[in-house]
Colleague: 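This is the structure, below, for whatever I ask next.
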Amino acid sequence: MSYSFKEIEEKWQKIWHDKKIFSVQPDQERKKYYLLEMFQYPSGKIHMGHVRNYTIGDVAARFKLMQGFQVMHPMGFDAFGQPAENAAIKNNTKPDIWTHKCIDWMKAELKRMGFSYDWGREVSTCDSDYYKWNQWIFLKMYERGLAYKKGSDVNWCSSCETTLANEEVIEGGCWRCKTKVEQKDLEQWYLKITDYKERLLEDLNQLGDWPERVISMQNNWIGKSSGVEIYFKLKDLATVIPVFTTRADTIFGATYIVLAPEHPQVLDLIKGRLQEKEALKFIEKVSKETKVVRTSSDVKKEGVFTGSYAVNPVNNETIPIWIADYVLMEYGTGAIMAVPTHDQRDFLFAKEHELPMRIVIQTIDHRPTTIEAMIEAFEDDGIQVNSAQFDGFTNQEAKIKIAEWMEQTKIGKIQTHWRLRDWLISRQRYWGTPIPIIYCSKCGIVPVPYAQLPVELPKDAPITGEGGSPLGKVKEFVEVKCPKCIGSARRETDTMATFFDSSWYFLRFCSPKLDNAPFNVLDAKYWMPVDQYIGGIEHAILHLLYSRFFTKFFQDLGMIDFKEPFKRLLTQGMVLKDGEVMSKSRGNIVDPDSIIKNYGADTLRLFILFAAPPETELEWDDRGIEGANKFLNRVWRVQENLLPKADDVLLRTMHRVIKKVSVDYAEFKFNTAIASLMELTNAIYQSGADKEVFANLVLMISPIAPHFAEELWQILGNKESICKAKWPEFDPKMLVEDVITIVVQVNGKLRTKLDVPADIAQDKLKELVLSEERLKPWIEGKSIRNFVIVPKKLVNIVV
RNA sequence: GGGCAAGUGGUGGAAUGGCAUACACGAAGGACUUAAAAUCCUUUGGCCGUAAGGCCGUGAGGGUUCAACUCCCUCCUUGCCCACCA
């Protein structure tokens, strides 16, 4: 007989909802625990990835609740974004209506999973109560010069008809649709995240409980590199070309310099030279290439001579100036010193164009190398040669000495360069937060006054998918009076990137209904930072970097007093089917709803936690689902045969399991926690359980299979919800064994095991071991060289 | 090209210096049943052996150690991130 999951799950979901079991308010007397899973985009259906993410979080939240914490576990919807526009066109409806319908569907699905959310805190970013505060934050940033508008080359996705942030360009394509990203010259709004680069880098040190690879990915993205900016004088002009290098140790080997084709000084350098025509043609050609083509490393490096010469400041050598496509204007100074002997790109370029080379670093053993013998650049560490007073130093020493020397002699300047760029937030789309800016022909850029917020998104803009900001077509929206001069003016028609919305929602959850500020300072003081954040690795840079930036901004506004928003981060692995990511296009989706229907939410929750540890990829297995269901039924049957008193062996097992499960839950090792619960259940099947043992088993299962446990809890005669029952404690006395098993090894190989009293003296143990009959063949007639005793565990005889 | 992570039975996985393969799936056998399902019990890394037992075994090779899946070095494979970044 199996338990009737359908009835039980519906029953308890209703009771939890009616009694507002998971509703929570700050309580200064109790310790808080803020558990947050990344909120979701309301696509209409939850998939297994959501189920996994939210189940992991739910078990942790329920566990903490039973341990007496004041647990905040909220959920909301990241509801703005382009898919709603596309869906609206396809289904002939409006993004607003579509999105709200999707939210309702998804909420119903989440409720069927039995998640312990405080639905009283729900927020949707597409509601004006929420996006009003996006606009407020934007204006605060504008006031501080952190939001600014500039014209420049931007990433453009022709399929999505909008601009993209650097973080949204993945392998040269749009993160959403993979369309190759083009470059376009546009006036756009940016956030000055680069003002925070040092802090964003520095404070990564505080994130000890984040996965190391997320830290290193952010590190990489911020991309700090230290080096020297070196000033190369032109041979016959009074100007100077600055170049940036991280390899100051190779300066004596710099035999030419190379500028990016779009470098502002290039036109002056080629003017009137023989090479002018050819150079102009080359610049023209490169300008037409997309960034993707130009930066793919397998393309041959092309370039032309400018006809001009510079002087290497360390040895006064005259060296030619080239332009080449492999030098990029947006990094460093847009110009490099080329050291073909010690940089592979320069090496290839020099070979191609027959440019001079000089070796300035040799291998540690001073093995001579000739330029003729070189088939590739020597990029490893070594000893300086041909470097004047720096000869003989290791190149690492020389790097520092040369940099200092150049700074003293004003040849160069020690500098740091960063990869991180400002964040482009303008999107030429409808379904997003309107940027609260007005353009007046007299007054210029005028921010919308705070009192006029929110700038409401019109509900009925014409969405055709044909490009151009749809808001531009809504006359009533665009045409406004200038707040300064009351003259006629025009609204900004771009909306904000949706990553703006999700960069601070965790703060909004602290005071979701507040109408005079984005969040209440005292509420945030109580709840923040998030104790445990859970989400997918795909946000390792984008969302997590932006959220860290916003948090630091709020800190600067004096609204919060901590540096980092998420204390601990867990990135859950993906759910696979047949070794591939579940996706619509692959047609290998397993629908959570059908599993709930056939086996119940508790079974689904149990399976998804048991099949793999949270961080690793999880291979979907239909038979595993049945196994999980079987286990619940096995536990269910225990209640039918409870004994008046359990035996001592079982009690010991129970205490051991309580200890193990408590530790495992705290460390998110749900798969081994479940294994222990199975062991306890198997032990119960061997000897029979009494009410106390069974109650503890039910309590420990409850975070994973809450409806199931709640029902059994009630059958056991409890009146209160198991959700708020006290987590069982183990008795350390019950873990102490009188007799222990000692492993006996000879030369590190297991030979036998001995049961001995736990408090046996070492010499007594030795005596016992040596008299053991079964060891005779291994030790007889051999001299014992060593006798290692690991207390209470093992002895190893070395012969 | 650089960085990081991983590699364990037929399968998912456990063990982070001390009994390799916990727990589960699958498979085989048994009990119950007219039969099946469900349930319960037993066996289940490979090789040799009737057995007792032995030998081998955590991607490959080397090292440290009384003892290595675990630590160190070299290599292979897979996955992820970054990348003409100067």
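Lettering of chains follows the sequences in order, A, B, ..., and the numbering in each one begins at 1. Computed from a prediction, not measured in an experiment: that's the story for all the values here.
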Colleague: Rounded to the nearest angstrom, tell me the gap between atom CD in A:E212 and atom P in B:G3.
Modeller: 14 Å

Colleague: Which part of the nucleic acid, if any, lies within reach of A:E619 when heavy atoms closer than 4.0 Å are counted: base, sugar-phosphate only, or nothing?
Modeller: nothing

Colleague: Considering only atom P, compute the distance from B:G57 to B:A20 and round it to an integer number of Å.
Modeller: 13 Å

Colleague: Less than 6.0 angstrom separating the ring centers of A:W322 and A:F282, yes or no?
Modeller: no

Colleague: For atom C1', what is the distance between B:U78 and B:C72, given to the nearest Å?
Modeller: 23 Å

Colleague: From B:G26, B:A22, B:A15, pick the nucleotide closest to the side chain of A:K630?
Modeller: B:G26

Colleague: With respect to the side chain of A:A675, which nucleotide from B:G18, B:A22, B:A86 is positioned closest?
Modeller: B:A22

Colleague: Kindly point out which of B:A20, B:C84, B:C85 is positioned nearest to the side chain of A:L750?
Modeller: B:A20

Colleague: I want to check one thing: is the phosphate of B:C56, taken as OP1 and OP2, less than 4.0 Å away from some side-chain N or O of A:K749?
Modeller: yes

Colleague: Nearest whole angstrom, please: distance from the P of B:G7 to the CD of A:E617.
Modeller: 13 Å

Colleague: Look at all strands and tell whether A:R634 reaches a base, only sugar-phosphate, or nothing, counting heavy atoms closer than 4.0 Å.
Modeller: sugar-phosphate

Colleague: Calculate the interatomic distance between A:F607 atom CZ and B:C25 atom P; express it in whole Å.
Modeller: 12 Å

Colleague: From B:C84, B:A24, B:C19, pick the nucleotide closest to the side chain of A:Q745?
Modeller: B:C19

Colleague: For B:U11, which nucleotide is its Watson-Crick or G-U wobble mate, given both distances must be under 3.5 Å?
Modeller: B:A24

Colleague: Do A:R634's NZ or CZ and the ring of A:Y685 fall within the cation-pi criteria of under 6.0 Å and 45°?
Modeller: yes

Colleague: Using atom C1' of each nucleotide, how far apart are B:A51 and B:A37 to the nearest Å?
Modeller: 39 Å

Colleague: When the ring centroid of A:F610 is compared with that of A:F670, is the distance short of 6.0 Å?
Modeller: no

Colleague: With rounding to the closest Å, how many angstrom separate the P atoms on B:G26 and B:C80?
Modeller: 31 Å

Colleague: Just confirming the chi classification of B:G26, syn or anti, using 90° around 0 as the syn window.
Modeller: anti

Colleague: C1' atom, B:A38 versus B:C32: distance in rounded Å?
Modeller: 11 Å

Colleague: In the strands shown, is B:A68 matched to any nucleotide by a Watson-Crick or G-U wobble pair with both distances under 3.5 Å, and which?
Modeller: none

Colleague: Side chain of A:Y685 only, heavy atoms from C-beta on: which candidate in B:C40, B:G12, B:C82 is closest?
Modeller: B:C40

Colleague: Over all strands shown, is A:N671 touching base, sugar-phosphate only, or nothing at heavy-atom distances under 4.0 angstrom?
Modeller: sugar-phosphate

Colleague: With distance as the sole test, does A:E667 use its side chain to make a donor-acceptor pair with the main-chain N or O of A:D664 at under 3.5 Å?
Modeller: no

Colleague: Would you call the rings of A:H353 and A:F349 parallel, tilted or perpendicular if under 30° counts as parallel and over 60° as perpendicular?
Modeller: tilted

Colleague: Tell me: CD of A:E626 to C1' of B:U39, nearest whole Å?
Modeller: 15 Å

Colleague: With a 4.0 Å cut-off on heavy atoms, is A:V798 in touch with a base, just the backbone sugar-phosphate, or nothing at all?
Modeller: sugar-phosphate

Colleague: Does CE belonging to A:M678 count more than 12 external heavy atoms closer than 6.0 Å?
Modeller: yes

Colleague: Nearest to the side chain of A:D325, heavy atoms from C-beta on, is which of B:A86, B:C66, B:C84?
Modeller: B:C84

Colleague: When you measure from the side-chain N and O atoms of A:R637 to the phosphate of B:C40, is any distance below 4.0 Å, counting only OP1 and OP2?
Modeller: yes

Colleague: Can you check the A:D346 CG to B:G1 P distance for me, whole Å?
Modeller: 18 Å

Colleague: Once you apply the 3.5 Å cut-off to both distances, tell me the Watson-Crick or G-U wobble partner of B:A51, or none.
Modeller: none

Colleague: Distance check, C1' atoms only: B:C73 and B:A83, in whole angstrom units.
Modeller: 28 Å

Colleague: In whole Å, I'd like the distance from the CD atom of A:Q218 to the C1' atom of B:C80.
Modeller: 16 Å

Colleague: Under 4.0 Å, counting only non-hydrogen atoms across every strand here, what does A:P211 touch: a base, just sugar-phosphate, or nothing?
Modeller: nothing

Colleague: How would you label the contact of A:N682 with the nucleic acid (heavy atoms, under 4.0 Å): base, sugar-phosphate, or nothing?
Modeller: sugar-phosphate

Colleague: Judged by each residue's nearest nucleotide on RNA chain B, which is more toward the 5′ side, A:L618 or A:G627?
Modeller: A:L618

Colleague: For the residue pair A:R605 and A:I704, what are the closest heavy atoms and their distance?
Modeller: NE-O, 2.8 Å

Colleague: Can you tell which of B:C25, B:C84, B:A14 lies closest to the side chain of A:R623?
Modeller: B:C25

Colleague: Mind checking if A:R421 touches a base, just sugar-phosphate, or nothing, with heavy atoms under 4.0 Å?
Modeller: nothing

Colleague: When you compare B:A15 with B:A22, how far apart are their P atoms, in angstrom units rounded to a whole number?
Modeller: 12 Å

Colleague: Using whole Å, what does the distance between atom C1' of nucleotide B:A24 and atom CG of A:D622 come to?
Modeller: 16 Å

Colleague: Closest to the A:A611 side chain: B:C81, B:A86, B:G12?
Modeller: B:G12

Colleague: Describe the nucleic acid contact of A:T246 in one word from base, sugar-phosphate, nothing, applying a heavy-atom distance below 4.0 Å.
Modeller: sugar-phosphate

Colleague: Starting at the 5' end of RNA chain B, which residue's closest nucleotide do you reach first, A:F610 or A:R345?
Modeller: A:F610

Colleague: Hey, is A:E615 close enough to A:R213 for a salt bridge, meaning N to O under 4.0 Å?
Modeller: no

Colleague: Measure CG/A:L609 against P/B:A24 and give the value in whole Å, please.
Modeller: 17 Å

Colleague: Considering only B:C66, B:A15, B:C84, which nucleotide approaches the side chain of A:Y326 most closely?
Modeller: B:C84

Colleague: A:M678 has a side chain; which of B:C41, B:A24, B:A86 sits nearest to it?
Modeller: B:A24

Colleague: In the structure shown, which nucleotide is the Watson-Crick or G-U wobble counterpart of B:G45, with both distances under 3.5 Å?
Modeller: B:C56

Colleague: B:G9 and B:A14: how far apart are their P atoms, nearest whole angstrom?
Modeller: 14 Å

Colleague: Is there a donor on the side chain of A:N796 or the base of B:C66 sitting less than 3.5 Å from an acceptor on the other?
Modeller: yes

Colleague: Distance under 6.0 Å and angle within 45° of the ring axis: does A:R419 meet both against A:W221?
Modeller: yes

Colleague: Could you let me know what B:A35 is paired to, Watson-Crick or G-U wobble, both distances under 3.5 Å, or none if it's on its own?
Modeller: none

Colleague: If you look at every strand shown and take non-hydrogen atoms under 4.0 Å, does A:R213 touch a base, only sugar-phosphate, or nothing?
Modeller: sugar-phosphate

